[in-house]
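Just so it is clear: chains get the letters A, B, ... in the order the sequence lines come, proteins before strands, and each one is counted from 1. Both backbone and side-chain heavy atoms feed into the values below; hydrogens, waters and symmetry mates do not.
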2 protein chains.
Amino acid sequence: MYSIGQIARRTGIKVPTIRYYEQMGLIDPPGRSAGNQRRYDEAGLERLGFIRHARALGLSIDMIRDLISLAQDKEMPCDRAHEIAAQHAAHIRQKIARLQRLEAELTRIENSHDSGTVGDCHVLAALTDHSLCMSEH
Amino acid sequence: MYSIGQIARRTGIKVPTIRYYEQMGLIDPPGRSAGNQRRYDEAGLERLGFIRHARALGLSIDMIRDLISLAQDKEMPCDRAHEIAAQHAAHIRQKIARLQRLEAELTRIENSHDSGTVGDCHVLAALTDHSLCMSEH
DNA sequence: CTTGAAGCTATAGTTGCTAGAGACATTAGG
DNA sequence: CCTAATGTCTCTAGCAACTATAGCTTCAAG
Ligand SMILES: [Zn+2]
Ligand SMILES: [Zn+2]
Ligand SMILES: [Zn+2]
Ligand SMILES: [Zn+2]
């Protein structure tokens with residue numbers, strides 16, 4: 001039996017975050033000590049490890065809840081898990097593409113040197129005026 | 001004189017967002033009609049255009065507020081503007097790098113095929129266990 | 001002068017936590 | 001066994017940058 005602090009140390013998830021995950025329904029409410037403190041078993045530890053890794057990979061709380069519920073029955077087909085992963089990967093790729101467009105514009109803006117006063121600052125002009133941009137973003 | 005709705009249409013910023021920007025101190029509170037409705041002039045329109053483009057480039061409200069205040073005096077040196085832009089570009093580059101690491105892992109996970117049941121799903125296993133990952137993320 | 005669209009304020013919800021307050025529980029040392 | 005230090009409890013509020021709703025007032029066209 002682990003206290004919430006021990007679980008926090010072992011998983012690297014902060015104590016309030018663990019309570020938050022419980023509130024969000026990602027973990028089953030654990031048993032309690034005589035004094036009403038949470039006591040976790042190995043299953044709880046494992047579950048939190050899963051959540052930690054899934055969050056580190058960028059999955060949302062909702063996706064994680066779905067994955068957990070469909071992982072309950074080992075006999076079920078896992079298509080939905082693949083679907084969630086693919087959907088998330090697509091989302092990440094979109095984000096990357098958008099950020100790369102921003103990065104290109106920002107690099108261009110960064111490299112435009114000027115006389116050094118606000119009045120004719122190329123950086124400020126470029127931030128103001130999208131028509132100076134080379135692409136959409 | 002433009003109403004808030006006209007400004008919204010011209011800038012592509014939603015009406016509640018314009019009011020929010022006013023509350024955040026990004027735009028000077030505009031004059032009001034006899035019936036207490038906001039009335040904007042060209043300066044207000046231009047300011048909102050600046051905010052819109054800066055937000056589209058990913059700058060935070062705080063950065064934008066700083067840029068606006070330092071752009072007030074045309075005679076001042078613009079070093080700080082360059083600094084803010086560079087700082088933001090660096091931040092975007094960091095984000096891209098992190099997302100690319102995630103993307104690599106997710107692609108690997110996506111491409112791992114399996115028998116199709118939850119019990120031995122490679123996707124679920126990979127999401128659970130970081131030791132199956134090829135890199136940090 | 002009426003009516004429907006647009007505007008007003010204030011409040012709450014979104015996401016994924018994080019930080020505090022104030023009270024109670026546990027544990028290690030003496 | 002007692003005490004002090006640390007840990008844990010619940011509840012509430014805050015972050016960023018909006019978005020949505022409710023209930024009301026104002027505007028502009030016909
Ligand atoms: Zn400059
Ligand atoms: Zn642009
Ligand atoms: Zn599978
Ligand atoms: Zn991993």
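- Considering only the side chain of B/I61, D/dC18 comes nearest among D/dC18, D/dT10, D/dT8.
- Under the 3.5 Å distance criterion, with hydrogens and angles disregarded, a donor-acceptor pair is assigned to the side chains of A/H137 and B/H53.
- For D/dC27, neither phosphate oxygen OP1 nor OP2 lies less than 4.0 angstrom from any side-chain nitrogen or oxygen of B/S3.
- Candidate nucleotides C/dT26, D/dT10, C/dT18 were compared by shortest atom distance to the side chain of A/P16, and C/dT18 ranks first.
- Here D/dA17 is the nucleotide among C/dT9, D/dA17, D/dT8 with the atom lying nearest to any side-chain atom of B/Y20.
- For the OP1/OP2 pair of C/dA6 and a distance below 4.0 Å, the side-chain nitrogens and oxygens of B/R19 include no atom meeting the criterion.
- Across all strands, B/R32 comes closer than 4.0 Å only to sugar-phosphate atoms, never to a base (heavy-atom distances).
- Defined by atom type and a distance below 3.5 Å, a donor-acceptor pair is present between the side-chain atoms of A/S135 and A/E105.
- In this structure, B/I7 places its CD1 atom 16 Å from P of C/dA6, rounding to the nearest Å.
- As rounded to whole Å, 10 Å separates atom C1' of C/dA6 from atom CZ of B/R39.
- Crowding of A/H130 atom NE2: a count of heavy atoms from other residues, nucleotides or ligands under 6.0 Å exceeding 12.
- Judged by distance alone, the side chains of A/D129 and A/S131 do bring a donor and an acceptor atom under 3.5 Å apart.
- In this model, the phosphate group of C/dA25 is not approached by any side-chain N or O of A/S33 to a distance below 4.0 Å at OP1 or OP2.
- When each of B/Q37 and A/D62 is assigned the nucleotide of DNA chain C bearing its nearest heavy atom, the one mapping closer to the 5' terminus is B/Q37.
- Considering only side-chain N and O atoms, A/R38 lies under 4.0 angstrom from the phosphate OP1 or OP2 of D/dC9.
- A residue-by-residue look at B/N36 and B/T17 shows that B/T17 has its nearest nucleotide of DNA chain D further toward the 5' end.
- Separating the CD atom of B/Q6 from the C1' atom of D/dA28 is a distance of 11 Å, rounded to the nearest angstrom.
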